[in-house]
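Note that this is a predicted model, so its numbers are computed, not measured.
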Amino acid sequence: MTQEKIRLHIDQPLAAGQALALSEGQANYLFAVMRLSLGATLAVFNGRDGVWRARVEAAGKRAGILRAEQQIAPQIVPPDLWLIFAPLKKARTDFLVEKAVELGVRRLVPVQTRFTNAERLRADKARAHAVEAAEQCGACFVPEVAELQPLDRLLANWPADRRILWGDEALAGVATVLADAPRGPWAILIGPEGGFSDEERARLRAHPQVLPASLGPRVLRAETAALAAITLWQASLGDWV
């Protein structure tokens, strides 16, 4: 690994000459784990100003200073795609967040449904996993992680210009649904491990922005269904086209 392949998310403005103070965790990662020293360079990004080369100006066990030198890549924002999902058990939720970032989701929206197995989801922990995923996969954008909310409330306040692709195994294939679908704001909705209740399914079918689609003849785990749907959407309407 060359030094500039080390990538770090910095929640600070980036501009030529800008001093960047490191947190204790960031300092430990760069100087204890990655063994960077004074004068070493790395790539930094904040999700707004592109990717910058930064140089180590001060290195300590619990703190440090970087100096931004030059933008080395422009800001790239993924397509306007949200992922709506019911939280899973911790390791599987972490996996889902990581892979959604790698596949190019702009916003993560956890929802509580009748059969959701996980009782809570900490948005700060999910965002930390999203940051780590962006650092590892070469992205320069970190998706927003919304607070957990009931599915009914989300649907009641849903924006009229954003379509929802709902993975429903009972209906037509997703490729057929997306074949003539328009570009623009979208969301993908994947249910909990136990599926949606009859009441939730009825509400989804009645919602004007929801497009149900099958994800194939086999029953997929929730995280598999989410990644399959994101992949198919990206290949049809996203930045893979």
Side-chain angles (χ1 to χ4, degrees), residues 1 5-9 29 43 45 47 51 73 75-113 115-118 120-149 151 154 162-169 173-175 177-178 185-196 213-216 218-241:
M1 173 181 287
K5 288 186 178 179
I6 297 175
R7 305 179 76 254
L8 187 70
H9 178 264
Y29 170 69
F45 65 99
V51 183
Q75 180 63 40
I76 298 176
V77 178
D80 194 0
L81 177 65
W82 299 358
L83 175 63
I84 310 168
F85 66 98
L88 309 168
K89 294 178 181 178
K90 183 181 184 303
R92 291 170 63 191
T93 295
D94 293 346
F95 173 84
L96 177 58
V97 169
E98 175 185 292
K99 300 309 174 187
V101 173
E102 292 179 13
L103 290 171
V105 166
R106 191 181 295 190
R107 189 168 186 251
L108 296 162
V109 186
V111 292
Q112 187 76 34
T113 69
F115 298 133
T116 299
N117 285 335
R120 56 176 297 186
L121 179 141
R122 286 186 54 181
D124 59 334
K125 293 290 186 182
R127 177 171 171 77
H129 281 289
V131 167
E132 291 175 5
E135 290 173 341
Q136 292 296 319
C137 76
C140 59
F141 180 86
V142 179
E144 174 194 355
V145 181
E147 294 293 335
L148 181 67
Q149 61 181 301
L151 177 63
L154 179 76
R162 184 175 297 275
R163 294 170 177 82
I164 302 175
L165 178 64
W166 167 32
D168 182 1
E169 66 276 7
V174 64
V177 171
L178 293 176
W186 277 81
I188 289 171
L189 170 63
I190 298 298
E193 295 162 293
F196 291 107
S214 169
L215 293 174
R218 289 161 293 279
V219 176
L220 303 180
R221 292 177 64 149
E223 65 271 33
T224 306
L227 303 186
I230 295 168
T231 299
L232 291 166
W233 187 93
Q234 284 280 34
S236 296
L237 300 174
D239 57 9
W240 296 8
V241 179

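Side-chain contact between R92 and R221 is present, with at least one heavy-atom pair separated by less than 4.5 Å. The closest side-chain heavy-atom distance from L215 to I190 is below 4.5 Å. V142 is listed as a side-chain neighbour of F45, based on a closest heavy-atom distance under 4.5 Å. The shortest side-chain heavy-atom distance between V101 and E132 does not fall under the 4.5 Å cut-off.
Taken to the nearest 0.5 Å, the CH2 atom of W240 stands 4.0 Å off from the OG1 atom of T231. To the nearest 0.5 Å, atoms CD1 (I84) and CD (Q149) are separated by 9.0 Å. Between atom OG1 of residue T224 and atom NZ of residue K99 there is a gap of 12.0 Å, rounded to the nearest 0.5 Å. Rounding to the nearest 0.5 Å gives a distance of 9.0 Å between CG of L165 and CG of L81. Interatomic distance, K90 NZ to R122 CZ, rounded to the nearest 0.5 Å: 10.0 Å. In this structure, the separation between OG1 on T93 and CD on E98 is 12.5 Å, given to the nearest 0.5 Å.
With hydrogens and angles disregarded, no donor-acceptor distance shorter than 3.5 Å links the side chain of R7 to the backbone of V51. Between the side chain of S236 and the main chain of L232, a donor-acceptor pair closer than 3.5 Å is present. Side-chain N or O atoms of Q75 include one that pairs as donor or acceptor with a backbone N or O of G47 at under 3.5 Å. E135 places a side-chain N or O within donor-acceptor distance of the main-chain N or O of H9, the cut-off being under 3.5 Å. Looking only at distances, no side-chain donor or acceptor of R106 sits under 3.5 Å from a matching main-chain atom of F141.
For L103 against Q234, the heavy-atom pair with the smallest separation is O-NE2, 2.7 Å. For the residue pair L121 and A126, the shortest heavy atom distance occurs at CD2-CB, 4.1 Å. Closest approach of V105 and P78 over heavy atoms only: O-CG, 4.1 Å. Of all the heavy atoms in R107 and P143, the pair that sits closest is N-CB, 4.1 Å. In this structure, G191 and A86 approach most closely via the heavy-atom pair C-CB, 4.4 Å. When all heavy atoms are compared, the tightest approach of W166 to F196 is NE1-CE1, 3.3 Å.
For Q136, the CD atom counts as loosely surrounded, since its 6.0 Å shell holds 12 or fewer non-hydrogen atoms of other residues, nucleotides or ligands.
Screening L148, V145, L83, L154 for a side chain to side chain contact (heavy atoms under 4.5 Å, CB included) with V109, the sole residue that qualifies is L154.
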